[in-house]
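Both counts, for ligands and for their atoms, begin at 1 and track the order of listing. Source: prediction; values computed, not measured.
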Amino acid sequence: MAVIVVDMQGDFTTWKEGALAIPGSDASFVKKVEQATRELKEAGFLVFGTQDWHPPDHISFYTNHPGKNPFDMIQINGRTQVLWPRHCVQGTENAKILLDDELFTAIARKGQNPMFDSYSGFQDHGGMKTDLDMILQTYHVSSLVIYGIATDYCVNATALDAAAMGYEVAVVGDLCRGVAPETTDQAFAELMGRGIRVVQELDLPGLQRW
Ligand code: VGL
Ligand code: ZN
């Protein structure tokens with residue numbers, strides 16, 4: 001049994017005045033996520049993280065598409081791409097993970113190829129795998145508790161991929177924050193539709209028998 005903490009990085013938080021700050025991601029949210037993660041680790045879960053880690057010329061930045069604005073949608077390689085503010089640029093202060101480093105057994109970086117976005121911690125939009133699945137297999141992990149930011153993008157994509165790959169998955173709703181209410185509601189509905197359990201932090205003690 002293991003935890004995946006998704007993209008708890010400065011640029012996604014109001015706490016750090018991030019470039020792509022997700023509503024409700026203040027210091028108390030981050031501290032709550034850190035405390036819950038510490039308790040899960042103490043209960044015997046291995047803890048893994050994902051980290052959005054883009055080069056400056058990344059395709060998802062509106063600044064790399066002349067005339068475009070933040071949150072515009074464009075077609076790239078036959079799929080819709082949201083254009084984001086520049087965020088989580090490799091090596092920058094706000095690309096750092098905000099939780100205590102010592103909690104993590106390993107961290108999988110994603111979004112490093114300038115040509116492809118990567119919401120999922122398992123693979124980018126071009127189908128290139130990260131190390132995450134291999135790392136989980138090394139530790140014989142079969143069930144995953146997933147939470148972090150953003151519910152409607154990277155948490156959603158990571159949980160859907162995990163379920164599709166055969167992991168038993170629970171997403172902890174109140175340890176997530178979403179970009180927008182409508183897409184966040186859609187994400188929870190989609191997760192439940194794929195057999196993923198959506199639980200709350202209070203339910204976690206019951207999950208520890210996984
Ligand atoms: C994310 C948008 C762009 C996320 C990452 O972590 O959900 N969202 N890059
Ligand atoms: Zn990104």
Contacting atoms of ligand 1, where contact means under 4.0 angstrom from a heavy atom of Tyr153:
7 (O), 8 (N)
Check whether Asp131 reaches the backbone of Ala108 with its side chain - one donor and one acceptor, N or O, closer than 3.5 Å.
no
Taking 4.0 angstrom as the limit, do Lys16 and Asp11 come out as a salt bridge?
no
Sub-4.0 Å atoms of ligand 1 with respect to non-hydrogen atoms of Ala150:
4 (C), 6 (O), 7 (O)
I'd like to know whether ligand 1 has Gln9 as a neighbour, heavy-atom separation below 4.0 Å.
no
Within the side chain of Asp100, is there an N or O that forms a donor-acceptor pair under 3.5 Å with the backbone of Leu103?
no
As an exercise, identify every atom of ligand 1 less than 4.0 angstrom from a heavy atom of Asp7.
4 (C), 6 (O)
What I want to check is whether the side chains of Ser142 and Glu168 have a donor and an acceptor closer together than 3.5 Å.
no
Among Ser60, Cys154, Ser118, which one puts a heavy atom closest to atom 7 (O) of ligand 1?
Cys154
Within the 4.0 Å heavy-atom cut-off, what Ile149 brings close to ligand 1 is backbone
So, the side chain of Gln200 versus the backbone of Asp174: is there a donor-acceptor pair under 3.5 Å, distance only?
yes
Evaluate the side-chain proximity of Ser118 to Gln123: yes if any heavy-atom separation is below 4.5 Å, no if none is.
no
With the threshold set at 4.0 Å, does a side-chain nitrogen-carboxylate oxygen contact exist between Arg38 and Glu42?
no
Closest protein heavy atom (residue, atom, distance) for atom 2 (C) of ligand 1:
Trp84 CE2, 3.3 Å
Looking at Asp52, which atoms of ligand 1 are within less than 4.0 Å of one of its heavy atoms?
5 (C), 9 (N)
With sequence neighbours excluded, what pairs up with Phe61 under the ring-ring contact (aromatic ring centres under 6.0 Å, His included) test?
His54, His58, His87
I want to know if ligand 1 touches Asp117 in the polar sense, i.e. an N/O pair below 3.5 angstrom.
no
Could you check, using the six-membered ring where one of them is a Trp, whether Phe12 and Trp84 have ring centers closer than 6.0 angstrom?
no
In total, how many protein N/O/S atoms does one find closer than 2.8 Å to the Zn ion (ligand 2)?
3
Is it true that Lys129 and Asp124 have a side-chain N and a carboxylate O under 4.0 angstrom from each other?
no
